[in-house]
Enquirer: 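Sharing a structure here in structure tokens format.
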Number of protein chains: 2
Amino acid sequence: MPEGERITKRGAIRQENEARILAAAEKVFAEAGFGGATMQLIADMAGLPKANLHYYFPTKEELYRKVVRQIFEIWLHAADSFDEAPGPVEAIGAYVDAKMEISRSHPFGSKVWASEVMHGAPVIQDYLETTLREWTAGRARLIQKWVDEGKMAPIDPHHLLYMLWATTQHYADFGHQIETLNGGRPLSDRQWKAAKETVKSIILRGIGAI
Amino acid sequence: MPEGERITKRGAIRQENEARILAAAEKVFAEAGFGGATMQLIADMAGLPKANLHYYFPTKEELYRKVVRQIFEIWLHAADSFDEAPGPVEAIGAYVDAKMEISRSHPFGSKVWASEVMHGAPVIQDYLETTLREWTAGRARLIQKWVDEGKMAPIDPHHLLYMLWATTQHYADFGHQIETLNGGRPLSDRQWKAAKETVKSIILRGIGAI
DNA sequence: CTCGACCTTGACCATATGGTCAGGAAGCGA
DNA sequence: TCGCTTCCTGACCATATGGTCAAGGTCGAG
């Protein structure tokens with residue numbers, strides 16, 4: 001068996017350590033930015049000596065790249081909820097729910113993604129131009145179909161998508177600001193639920209779907 | 001005259017150089033993040049030797065602080081449009097217009113602000129807890145009043161504000177992504193106008209104000 | 001013209017950081 | 001046990017970067 005992971009302790013060690021490092025890296029990159037993050041910090045957070053990081057990930061760039069790609073995958077998966085729905089109400093409702101859930105459970109990933117895009121997408125530009133562009137075009141067509149079928153008001157699909165992305169990710173990317181304005185405490189379960197409902201309600205009503 | 005700027009050439013030099021440096025710093029901080037920005041890069045962009053930067057701004061932190069505060073001021077000013085309006089349609093319409101305009105004219109500032117908040121607001125935490133908190137509370141009361149007067153649907157004012165911030169700033173912070181999805185070309189005048197109209201229309205309809 | 005304040009800058013320094021490496025430990029098939 | 005691969009890590013290095021400094025230039029008031 002020349003390739004593929006064997007179920008040895010070795011394979012397990014590699015898997016575990018890479019996961020630890022990626023998790024630590026995600027957090028550090030999110031909190032300090034790529035430039036502000038140091039391999040030493042990531043190593044400390046992962047509980048490994050710095051030299052060990054370089055054993056698994058040759059360079060800082062490579063590690064960062066892996067982190068960003070990992071996030072991108074999660075993003076795309078969340079988008080599945082868009083397709084398995086008969087109309088805008090179900091699709092957008094499910095999509096908002098999914099993205100808000102991600103904002104809550106993966107705030108670091110969201111920040112890394114935001115940072116990457118804000119800095120001109122140096123490492124995932126190709127993904128933007130291929131995968132994301134296709135995904136967006138597909139969803140835009142779907143939305144346009146709903147418009148044509150009279151299921152919602154004539155809204156430019158792209159701007160609607162931007163609004164969905166912006167609003168849902170805001171709860172992760174600007175979580176600190178929201179927390180500060182919430183008396184310094186994170187949103188409670190109840191508040192998260194209210195946020196989701198408010199966002200869905202404004203948008204669905206706003207596009208004339210309800 | 002012990003203080004205040006005299007209208008000498010010296011005063012002009014200081015003013016001009018500080019402005020150059022601040023503009024260059026805003027751009028570099030936006031594109032590289034605080035950690036990724038270097039004084040050398042800022043100096044080159046400003047067309048001055050690095051040592052000269054340190055004459056006007058003793059440390060990188062100090063320079064960054066000035067940049068962030070400058071942005072915050074612009075933000076607050078834009079918010080004026082909120083108050084000089086009789087109801088939600090005019091207020092929110094004007095506010096969205098103003099913020100979209102800022103996103104277009106000051107994309108670097110917006111990114112610096114986003115970056116600062118994403119990293120936990122290390123230098124403007126006090127502003128968040130004082131000025132921004134007060135501003136937000138005031139606007140929230142105003143919105144609540146409109147709700148009570150039946151001028152709009154019963155929406156949680158805070159989530160509405162977050163949505164406004166998120167959506168309008170998205171066009172600056174994620175401008176690169178939008179540009180990529182727009183065929184690699186910046187939004188045209190026409191497209192910006194469409195964006196504004198779409199955002200206003202969805203939100204105003206979404207909160208039941210029209 | 002002179003003097004002091006303000007401005008300019010090349011050269012320099014201490015430090016932090018990404019990355020390397022050699023030597024050794026641990027796991028595993030035979 | 002042997003031998004091979006994978007894994008671990010302290011010590012080390014080259015470089016980049018924030019910041020300093022001293023010497024010199026420019027300006028304007030008196």
Side-chain angles (χ1 to χ4, degrees), chain A residues 1-22 24-29 31-68 112 119 122-123, chain B residues 1-22 24-29 31-68 112 119 122-123:
Chain A
M1 56 179 86
E3 68 216 40
E5 307 88 34
R6 274 177 294 179
I7 318 149
T8 64
K9 186 161 182 186
R10 282 191 188 156
I13 287 177
R14 175 162 219 108
Q15 199 175 334
E16 152 127 22
N17 280 345
E18 286 187 350
R20 286 173 80 109
I21 295 169
L22 283 170
E26 182 176 297
K27 190 170 183 187
V28 173
F29 282 135
E31 290 176 346
F34 178 81
T38 69
M39 294 299 268
Q40 189 61 62
L41 248 170
I42 296 172
D44 292 347
M45 182 139 305
L48 296 170
K50 188 181 67 136
N52 211 349
L53 292 209
H54 284 97
Y55 172 73
Y56 289 104
F57 301 92
T59 68
K60 189 183 174 186
E61 270 82 7
E62 201 52 48
L63 175 54
Y64 175 73
R65 199 173 302 243
K66 283 271 167 57
V67 169
V68 173
V112 173
H119 296 355
V123 323
Chain B
M1 59 179 81
E3 67 215 39
E5 307 85 36
R6 274 177 295 179
I7 317 149
T8 63
K9 185 162 182 186
R10 284 198 185 149
I13 287 177
R14 175 162 218 107
Q15 200 175 332
E16 152 127 21
N17 280 344
E18 286 186 352
R20 285 173 81 110
I21 295 169
L22 283 171
E26 181 176 297
K27 190 171 181 188
V28 174
F29 282 135
E31 288 175 348
F34 177 81
T38 70
M39 294 299 268
Q40 189 62 62
L41 248 170
I42 296 172
D44 292 348
M45 183 140 304
L48 296 171
K50 187 181 68 138
N52 213 348
L53 293 209
H54 284 98
Y55 172 73
Y56 289 104
F57 301 92
T59 69
K60 190 182 175 187
E61 270 83 6
E62 201 52 48
L63 174 55
Y64 176 73
R65 199 173 302 243
K66 283 272 167 57
V67 169
V68 172
V112 173
H119 296 355
V123 324

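Quick note on labels: first sequence line is chain A, next is B, and so on, each numbered from 1.
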Enquirer: Tell me which residues in residues 54-68 of chain B lie within less than 4.0 Å of DNA chain D, going by non-hydrogen atoms.
Expert: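 DNA chain D contact set from residues 54-68 of chain B: B:His54, B:Thr59, B:Lys60, B:Glu61.
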Enquirer: Roughly how many Å is it from CG in A:Leu48 to P in C:dA25, rounded to a whole number?
Expert: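 Taking atom P of C:dA25 as the reference, CG of A:Leu48 is at 19 Å.
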Enquirer: For A:Val28 and A:Met45, which heavy atoms make the closest approach, and how far apart are they?
Expert: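 In terms of heavy atoms, the two residues are closest at CG2-SD, 4.1 Å.
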Enquirer: Quick check on contacts: within residues 31-43 of chain A, what sits under 4.0 Å from DNA chain C by heavy-atom distance?
Expert: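 Correct list: A:Ala37, A:Thr38, A:Met39.
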Enquirer: Take the protein atom CD of A:Glu16 and the nucleotide atom C1' of D:dT6, then report the distance between them rounded to whole Å.
Expert: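 One finds 16 Å between C1' of D:dT6 and CD of A:Glu16, rounded.
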Enquirer: According to the side-chain hydrogen bond (donor to acceptor under 3.5 Å, both in side chains) rule, which pairs have a member within residues 43-60 of chain B, sequence neighbours left out?
Expert: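 side-chain hydrogen bond (donor to acceptor under 3.5 Å, both in side chains) check on residues 43-60 of chain B returns B:Asn17-B:Tyr56, B:Gln40-B:Asp44.
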Enquirer: Taking only residues two or more places apart in sequence or in another chain, which ones pass side-chain hydrogen bond (donor to acceptor under 3.5 Å, both in side chains) with B:Glu18?
Expert: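 Expected list: B:Arg14.
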Enquirer: Can you tell me how far P of D:dT6 sits from CD of A:Gln15, to the nearest Å?
Expert: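 It is 17 Å, rounded to the nearest whole Å.
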Enquirer: If each of A:Leu53 and A:Lys50 is mapped to the nucleotide of DNA chain D with the nearest heavy atom, which maps nearer the 5' terminus, i.e. the 5' end?
Expert: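 Looking at DNA chain D, the more 5' nearest nucleotide goes with A:Leu53.
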Enquirer: Can you name the side-chain contact (heavy atoms from CB on, under 4.5 Å) partners of A:Leu22, sequence neighbours left out?
Expert: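 Result, side-chain contact (heavy atoms from CB on, under 4.5 Å) vs A:Leu22: A:Phe57, A:Leu63, A:Lys66, A:Val67, A:Gln70.
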Enquirer: For B:Ala43 and B:Pro49, work out which heavy atoms get closest and say how close.
Expert: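 Reported closest heavy-atom pair: CB-C, 4.1 Å.
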Enquirer: Can you tell me if A:Arg14 touches the phosphate of D:dT6, counting only side-chain N or O atoms and a distance under 4.0 Å to OP1 or OP2?
Expert: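 No, outside the criterion.
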Enquirer: Please list every donor-acceptor pair under 3.5 Å in which a side-chain atom of residues 31-39 of chain B meets a protein atom from a residue at least two apart or in another chain.
Expert:
from    : atom 1 : to      : atom 2 : distance (Å)
B:Thr38 : OG1    : B:Leu41 : N      : 3.0

Enquirer: Say you draw a straight line from CG of A:Leu48 to CG of A:Leu53; how long is it, rounded to the nearest 0.5 Å?
Expert: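 The CG atom of A:Leu48 sits 6.5 Å away from the CG atom of A:Leu53.
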Enquirer: Could you pull out all residues at least two apart from B:Arg20 that satisfy side-chain hydrogen bond (donor to acceptor under 3.5 Å, both in side chains)?
Expert: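 For B:Arg20 the side-chain hydrogen bond (donor to acceptor under 3.5 Å, both in side chains) partners, ignoring immediate neighbours, are B:Glu16.
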Enquirer: Under 4.0 Å between a side-chain N/O of B:Asn52 and OP1 or OP2 of C:dG10, yes or no?
Expert: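 It does not, given that no N or O in the side chain of B:Asn52 lies less than 4.0 Å from OP1 or OP2 of C:dG10.
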